[in-house]
Amino acid sequence: MNREIRKKENQKRGGDRGQWSSKTEYLLVVAGNVVGLGNVWRFPYLCYKNGGGAFLVPYCLFAVVVGIPLFLLETAMGQYTQEGFITSWRKLCPLAQGIGYGYFMMKVFDFSYVLVQVWALFYLVCSFQSELPWANCGNTWNTENCVGLEPYNSTNLTVSLNNTSSAATEFWERRALGMSAGIEELGSVRWELALCLLVSWVCCYFSIWKGVRSSGKVAYFTATFPYVMLLILLIRGLTLPGAWDGVAYYLYPEVEKLANLEVWIEAGSQIFFSYSLTIGTLNVLGSYCEYNNNCYKDCFWLCLLNSGTSFIAGFVVFSVLGFMAQKQGVSVDSVAESGPGLAFIAYPQATAMMPVPQLWTVCFFLMLILLTVDTHFVTVESVITSVSDLFPRLFHAAGRHEIFVLVICTSFFFLHLTLVTEGGIYVFQLIDYYGCTRACQDFMAVCQCVAMAWIFGGDRFSNIIKDMTGQMPCAFFKVCWKYIIPLLSLISFVLYLVDYQHLKINDSYVYPDWANALGWTMTLSSVLMVPLWAAGQMFVTPGTFVQVRNITRRR
């Protein structure tokens with residue numbers, strides 16, 4: 001009877017705040033969120049660097065023992081409570097509500113990834129020129145040390161690597177970013193990037209201004225079209241000369257690297273990053289599902305889609321890098337990069353060497369933009385949902401949601417103008433390195449599993465999933481929640497602290513001490529939320545720890 005009452009309450013709660021119009025919209029939005037930059041510019045490079053095909057062993061292992069169990073845990077929490085990532089903890093484990101506030105801080109820092117969308121939009125506009133501006137050295141921003149895309153052999157390439165910079169690198173650093181000497185010199189706002197930033201936030205607003213009613217409709221295009229672009233680029237890449245040399249570098253197994261602990265850490269980190277774990281997003285997206293949605297089955301298909309996309313993206317990236325290496329007469333490892341270096345230097349330089357380069361460049365940056373659009377608007381929506389659920393009387397009234405979204409988008413547009421200054425790249429790297437780092441996610445994973453598997457109860461939560469989906473989760477999931485995930489996450493957290501190094505860019509620019517102190521402040525702003533909230537609850541609630549825990553478990 002209690003479950004029937006709870007089910008009716010949750011269904012009424014879902015009706016008050018809205019629900020997905022269809023199961024398809026939910027799946028598209030989640031797929032669009034989890035399939036993002038990590039699949040295109042992070043996984044292929046990690047796979048190549050950490051043993052090629054051998055890297056798939058730890059990657060698949062962590063997907064099974066960490067990725068899928070946490071994906072199910074977070075999605076089911078949202079679906080059961082019909083609440084955002086803050087207030088869901090109030091219903092399940094009030095002592096752990098600090099986890100939700102920690103997610104909030106991580107999400108706010110995560111907003112800065114809109115900058116990747118800004119860069120991609122700028123490159124997309126530049127791609128329509130008759131000659132790609134990063135293909136030659138005859139531009140006002142180029143230096144006398146610039147090397148264009150003219151054919152050259154490996155001998156003078158070695159000289160160029162030592163003494164000069166490529167046209168693509170100079171376009172990125174001197175034209176697109178206008179990089180200053182360091183974070184101490186922010187300089188002026190780059191007006192073209194500021195305009196792209198405005199466009200990005202306007203698109204974000206109109207994607208989520210009506211909540212899931214609008215974001216679900218947007219996902220029909222933004223979640224599917226990148227796959228069209230990915231398929232086009234895959235076919236084109238595999239037909240290029242030298243493509244299979246690149247694929248061989250990507251997949252050639254180096255089994256001996258599995259003895260390196262760093263390889264296993266990278267695999268686990270990639271699972272957290274690409275599956276969007278321990279940052280509250282899955283919780284929010286699941287909260288808009290119907291109570292009886294089969295989230296148990298969904299998690300398997302969505303995780304498989306994410307990992308499969310990562311694997312295919314490797315062929316897209318390394319086929320083109322193999323072509324580029326053959327064209328330049330060098331090995332693939334000399335042109336392989338990760339992150340912004342891949343998306344805005346290596347890949348554009350490679351497409352500039354192809355026939356009709358504008359076509360392939362436009363395809364690539366359209367794909368990149370749509371991948372970031374999905375992730376960005378879901379990130380913002382998850383914050384807005386969680387704050388709205390925290391103050392339902394204020395924000396759930398008619399018309400309030402649209403105004404709140406407008407205030408958030410406008411405020412962060414002005415805050416992010418610092419990211420499009422001449423020193424903005426240094427600010428972005430600082431936020432990326434400290435704001436939502438591996439240490440934050442590992443710590444949150446430990447706390448989340450302890451709260452749900454030990455305080456709330458793993459058996460109890462499994463019964464809830466059975467009540468919602470009609471399927472009892474495998475006992476293996478409870479073992480992962482109670483033992484495997486906390487242990488692995490704790491080990492990774494300790495190793496992060498032991499191996500910590502100050503932030504550098506290209507091993508040449510070292511951030512000043514005050515910037516690293518600011519970075520640690522960002523990290524601690526999320527991590528400390530958990531113990532501070534728990535301590536506060538213990539202080540204001542009468543009774544011993546066991547009594548407080550028992551009160552929590554009875555709720």
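Among Asn516, Ile183, Val510, Asp432, the single residue meeting the side chain to side chain contact (heavy atoms under 4.5 Å, CB included) criterion with Leu503 is Asn516. Of the residues listed (Trp134, Trp141, Tyr347, Trp119), the one engaging Trp172 in a ring pair (Phe, Tyr, Trp, His ring centres under 6.0 Å) is Trp119, and it is the only one. Of the residues listed (Leu193, Leu197, Leu177), the one engaging Phe122 in a side chain to side chain contact (heavy atoms under 4.5 Å, CB included) is Leu193, and it is the only one. Exactly one residue among Val530, Leu70, Leu277 makes a side chain to side chain contact (heavy atoms under 4.5 Å, CB included) with Gln448. That residue is Leu70.
The backbone N or O of Met106 lies less than 3.5 Å from no partner atom in the side chain of Asp110, so there is not a single donor-acceptor pair.
Ring pair Phe300/Phe71: centre-to-centre distance not below 6.0 Å. Ring to ring, Tyr511 and Tyr509 are close: their centroids are under 6.0 angstrom apart. The distance between the ring centers of Trp520 and Tyr433 does not fall below 6.0 angstrom. Ring-centre distance between Phe344 and Tyr123: below the 6.0 Å cut-off.
Annotation: ring-ring contact (aromatic ring centres under 6.0 Å, His included) contacts of Phe55 (sequence neighbours excluded): none. Residues passing the side-chain contact (heavy atoms from CB on, under 4.5 Å) test with Ala453 are Trp481, Lys482, sequence neighbours excluded.
Annotation for Phe493: atom CZ counts as buried by contact number, over 12 foreign heavy atoms lying within 6.0 Å.
Considering only heavy atoms from C-beta on, Met444 stays 4.5 Å or farther from Ile279 through its side chain.
Between Ser319 atom OG and Tyr250 atom OH the span is 10.5 Å, to the nearest 0.5 Å. The CD1 atom of Ile431 sits 12.0 Å away from the CZ atom of Phe111 when rounded to the nearest 0.5 Å. Taken to the nearest 0.5 Å, the CZ atom of Phe377 stands 11.0 Å off from the OG1 atom of Thr372. The structure places CD of Glu381 at 12.0 Å from NE2 of His376, a figure rounded to the nearest 0.5 Å.
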>> Using the rule given for ring-ring contact (aromatic ring centres under 6.0 Å, His included), can you reason through Phe428 versus Tyr113, listing the C-alpha separation, both sets of side-chain angles and the distance that settles it, and then say yes or no?
In response: CA-CA 8 Å; Phe428 174 76; Tyr113 278 95; 5.7 Å; yes
>> As a quick check of understanding, evaluate side chain to side chain contact (heavy atoms under 4.5 Å, CB included) for Tyr59 and Ser310, giving each step before the final call.
In response: CA-CA 11 Å; Tyr59 177 83; Ser310 296; 4.2 Å; yes
